[in-house]
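Each chain gets a letter, A, B and so on, in the order the sequences are listed, and its residues count up from 1.
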Number of protein chains: 2
Amino acid sequence: MKLSTKGRYGLRAMIDLALYSEKDPVSICSIAERQAISESYLEQLVAKLKKAGLVKSIRGAQGGYVLAKPTADISVGDILRALEGSLDPVECMGFDEEHVCSGSDICVTKHVWKRINDSINQTVDEMKLKELVDESRQVRGIEPTDASCSQK
Amino acid sequence: MKLSTKGRYGLRAMIDLALYSEKDPVSICSIAERQAISESYLEQLVAKLKKAGLVKSIRGAQGGYVLAKPTADISVGDILRALEGSLDPVECMGFDEEHVCSGSDICVTKHVWKRINDSINQTVDEMKLKELVDESRQVRGIEPTDASCSQK
DNA sequence: TTTAATTCCGACCGAATTACTCGGATATCA
DNA sequence: TGATATCCGAGTAATTCGGTCGGAATTAAA
């Protein structure tokens, strides 16, 4: 029942991206530096975010990433599901249709799993990236400029 | 973010145990047979349930297991935590105390993880074993006698 | 008093997943 | 034509998962 580093790093990366990409695209390298995440690993995560349609890429020099949608339209659930796959702790066959299970206790547990799944998804879907970004800006002053990241 | 077979099998085993242990203790062997779970694996799970104080064992021939508490006093959360360990998808240091995080976005994500953890634990704790057992009995007729399980 | 049923305990094991790294191809701005 | 970037796929060490196996200890029944 653990959330992997994909989800944990990825959410931080998205907040970082939202904070710094207002003017110019943000490079993976600069996010990695600020967030102390391995650059090559972060690359994989951002690829997933892109495939999910949450960020857009701009290739070439001075390129980077920007959000594909306004922060109010991106939920924590969208981000986590993009990175982790389904957040359902139990993937059950025939959740919706009234599928008759073999044993009655299996059927009963199915309701349990569904309630857990629903509770998680509801919780993450009602939190929007906008709220997190706003909160983050309140904590420290705004630094909207993305310092180009150090070379190696 | 997956619940392992420990939790899934274990919950079914607890329902089974509650259904069949009213008169006599129930053997692992018979639970394994009814629930189609490997006997030797189930042994490990029941050991965890025992250590958590949810079931009591009666050793020797005609022995087995019985619930240690009334079904109304055992929550799904108790069972799952006994088997899986903490259900918190993210284990965060210093959740309670106002620990100042290094970066503001880390602090912000901390609130996210806390809300997810709370939502899961609340959901599983408000479901009691009693409800599941009652529901299970409604589905099919009651078979309170534990047929001694087939030998190998 | 033996025997069969049963819990108890720890070691082992293959397969999958996690959390990365690395090397290089491709695109694009200056 | 470089220097920056994204893109992409393969490799890999460590850990977890989902069990199995063998045997010791306990106790009811024959």
Side-chain angles (χ1 to χ4, degrees), chain A residues 1-10 12-13 17 20-21 24-33 35-52 55-66 68 83-86 89-91 146-152, chain B residues 1-10 12-13 17 20-21 24-33 35-52 55-66 68 83-86 89-91 146-152:
Chain A
M1 267 297 280
K2 295 286 164 269
L3 206 68
S4 73
T5 54
K6 289 191 184 69
R8 299 205 307 276
Y9 293 176
R12 272 165 55 205
L17 183 56
Y20 290 96
S21 65
D24 296 302
V26 176
S27 70
I28 287 202
C29 167
S30 70
I31 299 177
E33 205 169 64
Q35 298 296 324
I37 300 173
S38 140
E39 197 181 323
S40 36
Y41 190 42
L42 185 57
E43 204 178 281
Q44 290 183 10
L45 308 186
V46 176
K48 281 173 185 278
L49 293 169
K50 190 192 170 186
K51 191 147 68 179
V55 304
K56 281 187 300 190
S57 68
I58 294 143
R59 300 191 65 170
Q62 271 63 47
Y65 294 89
V66 291
L83 294 159
E84 302 269 341
S86 160
V90 177
E91 223 98 35
D146 177 21
S148 80
C149 63
S150 63
Q151 235 3 61
K152 53 171 176 199
Chain B
M1 267 295 279
K2 294 287 163 268
L3 206 68
S4 72
T5 55
K6 290 192 185 66
R8 298 205 308 276
Y9 293 176
R12 271 164 55 204
L17 184 56
Y20 289 98
S21 66
D24 297 302
V26 176
S27 69
I28 287 203
C29 167
S30 71
I31 298 177
E33 207 170 62
Q35 297 296 326
I37 300 173
S38 142
E39 200 180 321
S40 35
Y41 190 42
L42 185 56
E43 207 177 280
Q44 291 184 12
L45 309 187
V46 176
K48 282 171 184 278
L49 294 170
K50 190 191 170 185
K51 192 148 67 181
V55 303
K56 280 188 302 193
S57 68
I58 294 143
R59 300 191 62 169
Q62 270 61 47
Y65 294 90
V66 291
L83 294 159
E84 302 269 342
S86 161
V90 177
E91 226 98 36
D146 176 21
S148 80
C149 62
S150 63
Q151 237 0 64
K152 53 172 176 200

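Here the P atom of nucleotide D:dG23 and the CD atom of B:E43 are 15 Å apart, to the nearest Å. Distance CD (B:Q62) to C1' (D:dA28): 6 Å, rounded to an integer number of Å. Atom CD in A:E39 sits roughly 13 Å away from atom C1' in D:dC7 (whole-Å rounding). Computed from coordinates, the A:Y41 OH to D:dA13 P distance equals 18 Å when rounded to whole Å. In this structure, A:K6 places its NZ atom 6 Å from C1' of C:dT18, rounding to the nearest Å. Between the CD atom of A:Q44 and the C1' atom of D:dT6 there is a distance of 14 Å, rounded to whole Å. What separates NZ of B:K2 from P of C:dT18 is a distance of 9 Å, to the nearest Å. In this entry the distance linking NZ of B:K51 with C1' of C:dT7 reads 15 Å, nearest Å.
Side-chain N/O atoms of B:Y9 and B:S38 include no donor and acceptor closer than 3.5 Å. Between the side chains of B:Y65 and B:S27, no donor-acceptor pair is found at a separation under 3.5 Å.
Under 4.0 angstrom from either OP1 or OP2 of D:dG18 there lies at least one side-chain N or O belonging to B:T5. In this structure, A:S4 reaches the C:dA19 phosphate: one of its side-chain N or O atoms is under 4.0 Å from OP1 or OP2. Using a 4.0 Å cut-off, no side-chain N or O of B:Y65 falls inside it from OP1 or OP2 of C:dT6.
Counting heavy atoms from C-beta outward, A:V55 and A:V66 have side chains that stay 4.5 Å or more apart.
Under 3.5 Å, the side chain of A:R59 and the base of D:dT6 form at least one donor-acceptor pair of N or O atoms.
Along DNA chain C, the nucleotide nearest A:A61 and the nucleotide nearest A:S40 are compared for position; the residue whose nucleotide lies closer to the 5' end is A:S40. Summary of the strand contacts: A:M1 and A:G63 both lie near DNA chain D, and taking for each the nucleotide with the nearest heavy atom, the more 5' one is attributed to A:G63.
Counting any heavy atom pair closer than 4.0 Å across all strands shown, B:K50 reaches sugar-phosphate atoms only and no base atom. Looking at heavy-atom distances under 4.0 Å, B:K56 makes no contact with the nucleic acid at all.
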Verify side-chain contact (heavy atoms from CB on, under 4.5 Å) between A:I37 and A:R12, making sure each step is shown before the conclusion. CA-CA 10 Å; A:I37 300 173; A:R12 272 165 55 205; 4.1 Å; yes
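Nearest to the side-chain atoms of A:S27 among the listed nucleotides D:dG18, D:dT6, C:dT7 stands D:dT6.
The side-chain contact (heavy atoms from CB on, under 4.5 Å) test applied to A:A52 returns A:L54, A:A82, not counting sequence neighbours.
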